[in-house]
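Note that the coordinates shown come from a computational prediction; the quantities given were computed from them, not determined experimentally. Lettering of chains follows the sequences in order, A, B, ..., and the numbering in each one begins at 1.
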2 protein chains.
Amino acid sequence: MAKVSPKWLTPKEMRAWRSYIIASRRLLEALDQDLSGHDLSMADYEVLAQLSEAPGRRIRMSDLAEIAMLSKSRLSHRITVMEKAGWVRREACKEDRRGAWAVMTEKGLKAIVKAAPDHVDSVRTRFLDRLDGEDQINLADVFEEVLAGLRSEFKSEKE
Amino acid sequence: MAKVSPKWLTPKEMRAWRSYIIASRRLLEALDQDLSGHDLSMADYEVLAQLSEAPGRRIRMSDLAEIAMLSKSRLSHRITVMEKAGWVRREACKEDRRGAWAVMTEKGLKAIVKAAPDHVDSVRTRFLDRLDGEDQINLADVFEEVLAGLRSEFKSEKE
DNA sequence: GCACTTTACTTGAAAGTTCAACTAAATGAC
DNA sequence: GTCATTTAGTTGAACTTTCAAGTAAAGTGC
């Protein structure tokens with residue numbers, strides 16, 4: 001017999017869900033605000049962080065969109081802005097002439113090298129420090145499981 | 001002696017942090033998409049849900065902004081849109097003539113009554129069902145703690 | 001009462017994001 | 001090779017959110 005979900009959430013479920021979304025929104029808000037002193041949003045930080053770790057400090061636009069979890073269009077607009085700020089530059093791709101590289105400039109590298117310690121500190125004090133060792137493992141397990149669930153649902157939707 | 005945070009995250013911290021933000025972004029994305037069939041964003045859903053539970057199905061703009069976690073400006077713009085959709089209406093406030101009520105219409109009530117079961121189902125299948133009873137409690141504890149931390153930091157910033 | 005500050009809310013413009021349409025190159029079928 | 005399809009990326013318009021400024025009413029000090 002198939003499990004039928006009751007219509008509303010139990011108090012326990014409700015508490016888990018609400019504490020999670022409320023704290024998450026506030027947390028992201030706080031982290032974003034912490035970064036704003038470096039003129040960066042979390043999304044822009046992620047783009048720069050990914051670029052800084054990539055070989056040649058360059059990534060193809062599509063790949064960058066993928067790993068930074070942005071739509072292609074959003075990334076394209078954002079790179080235009082970052083280009084004006086002098087943090088990245090676009091470069092034509094010889095192997096695939098449809099393609100474009102997003103290349104981090106020296107200035108971009110400096111920007112993220114400067115921002116990173118503050119951001120890490122911010123993530124630590126606002127989030128990680130509130131979790132003991134066991135919490136960290138549990139949380140990772142739970143969210144990996146959630147992500148796996150999302151992926152499999154996504155896959156089955158496509159089939 | 002003050003605790004000095006090492007510069008970068010340990011693998012364990014990294015795993016906790018990354019699984020959390022990645023899964024969270026995907027989760028929110030999925031929940032939003034699930035709601036889009038009802039022509040609602042999560043933010044709009046929250047606004048309507050709060051109104052539906054309020055006495056007289058009406059809440060003062062400022063209070064609504066507070067509980068729905070939106071800026072006043074954002075709420076004001078959003079209510080303008082929802083007003084056009086016929087879900088809410090503004091009403092002058094007699095007790096405080098600067099004030100305004102956001103009042104849910106019958107149509108708005110119908111919209112959320114229709115959307116709610118799907119949304120609950122979506123939260124359940126995509127998130128809560130991945131957590132066992134103990135996970136739910138741990139998660140609630142952790143995020144309540146994170147929220148408390150944010151509040152106290154916020155308070156101390158103001159002082 | 002009168003000035004001063006604060007509170008409640010809105011507004012318009014700027015900045016950011018999404019959406020659909022578009023160009024151009026690569027790939028695949030035959 | 002040629003036609004259709006897919007992939008890579010950009011663009012402009014529509015919409016959303018933020019930001020700074022504005023209006024009007026309350027509250028406060030004296």
Side-chain angles (χ1 to χ4, degrees), chain A residues 25-26 28-48 50-51 58-85 87-103 158, chain B residues 25-26 28-37 39-48 51 58-85 87-103 158:
Chain A
R25 292 203 32 180
R26 298 287 189 213
L28 275 298
E29 207 171 274
L31 294 175
D32 247 318
Q33 209 171 3
D34 292 346
L35 265 176
S36 69
H38 293 281
D39 281 305
L40 283 169
S41 63
M42 289 268 274
D44 287 355
Y45 179 91
E46 185 65 21
V47 166
L48 292 182
Q50 292 291 351
L51 282 172
R58 60 179 56 227
I59 306 180
R60 287 285 297 275
M61 290 295 282
S62 289
D63 298 336
L64 185 51
E66 184 79 18
I67 58 181
M69 294 196 280
L70 302 174
S71 70
K72 285 177 172 201
S73 160
R74 182 172 172 184
L75 177 66
S76 188
H77 285 300
R78 218 82 269 292
I79 291 287
T80 305
V81 173
M82 291 185 174
E83 224 169 354
K84 280 173 194 153
W87 290 337
V88 288
R89 104 184 94 86
R90 279 182 236 243
E91 225 173 79
C93 176
K94 285 169 188 169
E95 305 82 62
D96 182 339
R97 307 216 348 263
R98 295 166 303 181
W101 293 99
V103 187
K158 287 185 135 178
Chain B
R25 293 202 33 180
R26 298 288 188 209
L28 274 297
E29 206 172 275
L31 294 174
D32 246 319
Q33 209 171 3
D34 290 347
L35 265 176
S36 68
D39 281 305
L40 283 169
S41 63
M42 289 268 273
D44 288 355
Y45 179 92
E46 186 65 21
V47 167
L48 292 182
L51 282 172
R58 61 179 55 226
I59 306 180
R60 288 283 298 275
M61 290 295 283
S62 288
D63 298 335
L64 185 51
E66 184 80 18
I67 58 181
M69 295 195 282
L70 303 174
S71 70
K72 285 179 170 200
S73 161
R74 181 173 171 184
L75 178 66
S76 188
H77 284 300
R78 222 78 267 293
I79 290 287
T80 304
V81 173
M82 290 184 175
E83 224 169 354
K84 280 175 192 151
W87 291 336
V88 288
R89 105 185 92 86
R90 279 180 236 244
E91 225 174 78
C93 176
K94 285 167 190 172
E95 304 84 62
D96 183 340
R97 306 213 353 261
R98 293 166 303 180
W101 293 100
V103 187
K158 288 184 138 180

Between Ser76(A) and Arg90(A), does the side-chain contact (heavy atoms from CB on, under 4.5 Å) criterion hold? Intermediate values first, please. CA-CA 10 Å; Ser76(A) 188; Arg90(A) 279 182 236 243; 3.6 Å; yes
In sequence, state the C-alpha distance, the side-chain angles, and the governing distance for Asp44(A) and Asp39(A), and then conclude on side-chain contact (heavy atoms from CB on, under 4.5 Å). CA-CA 9 Å; Asp44(A) 287 355; Asp39(A) 281 305; over 6 Å; no
Whole angstrom value for the distance that separates C1' of dA26(D) from NZ of Lys94(B): 19 Å
Picking from dA25(C), dT10(C), dA8(D), the nucleotide nearest the side-chain atoms of Arg97(A) would be dA25(C)
Interatomic distance where CG belongs to Asp32(B) and P belongs to dC15(D) [whole Å]: 18 Å
Where the side chain of Asp96(A) is concerned, which of dA25(C), dA8(C), dT10(C) is the nearest nucleotide? dA25(C)
Does a donor on one side chain and an acceptor on the other come within less than 3.5 Å for Glu29(B) and Gln33(B)? no
Candidate pair Tyr45(B) and Leu31(B), rule side-chain contact (heavy atoms from CB on, under 4.5 Å), full reasoning: CA-CA 11 Å; Tyr45(B) 179 92; Leu31(B) 294 174; over 6 Å; no
For dT11(C), does the base pair up with any side-chain atom of Ser73(B) as donor and acceptor (N or O, under 3.5 Å, distance only)? yes
Mind calculating the distance between CZ (Arg60(A)) and C1' (dT10(D)) to the nearest angstrom? 14 Å
Atom CZ of Arg74(A) and atom C1' of dG9(D): how far apart are they, to the nearest Å? 17 Å
Rounded to the nearest angstrom, tell me the gap between atom NZ in Lys72(B) and atom P in dA21(D). 17 Å
Quick check on contacts: within residues 75-85 of chain B, what sits under 4.0 Å from DNA chain D by heavy-atom distance? His77(B), Arg78(B)
Side chain Gln50(A), main chain Leu64(A), donor-acceptor under 3.5 Å: no
Nearest whole Å is fine: how far is dC9(C) C1' from Arg90(B) CZ? 9 Å
Starting at CD of Glu29(B) and ending at P of dT17(C), how long is that distance when rounded to a whole Å? 14 Å
Spacing between Arg98(A) atom CZ and dT6(D) atom P, to the nearest angstrom: 13 Å
Between Glu95(A) and Trp101(B), just flag the one whose closest nucleotide in DNA chain C comes earlier from the 5' side. Trp101(B)
Val47(A)/Met82(A) under side-chain contact (heavy atoms from CB on, under 4.5 Å): CA gap, chis, key distance, verdict: CA-CA 10 Å; Val47(A) 166; Met82(A) 291 185 174; 4.0 Å; yes
Can you name the closest pair of heavy atoms from Arg60(B) and Trp101(B) and give their distance? N-CE3, 3.6 Å
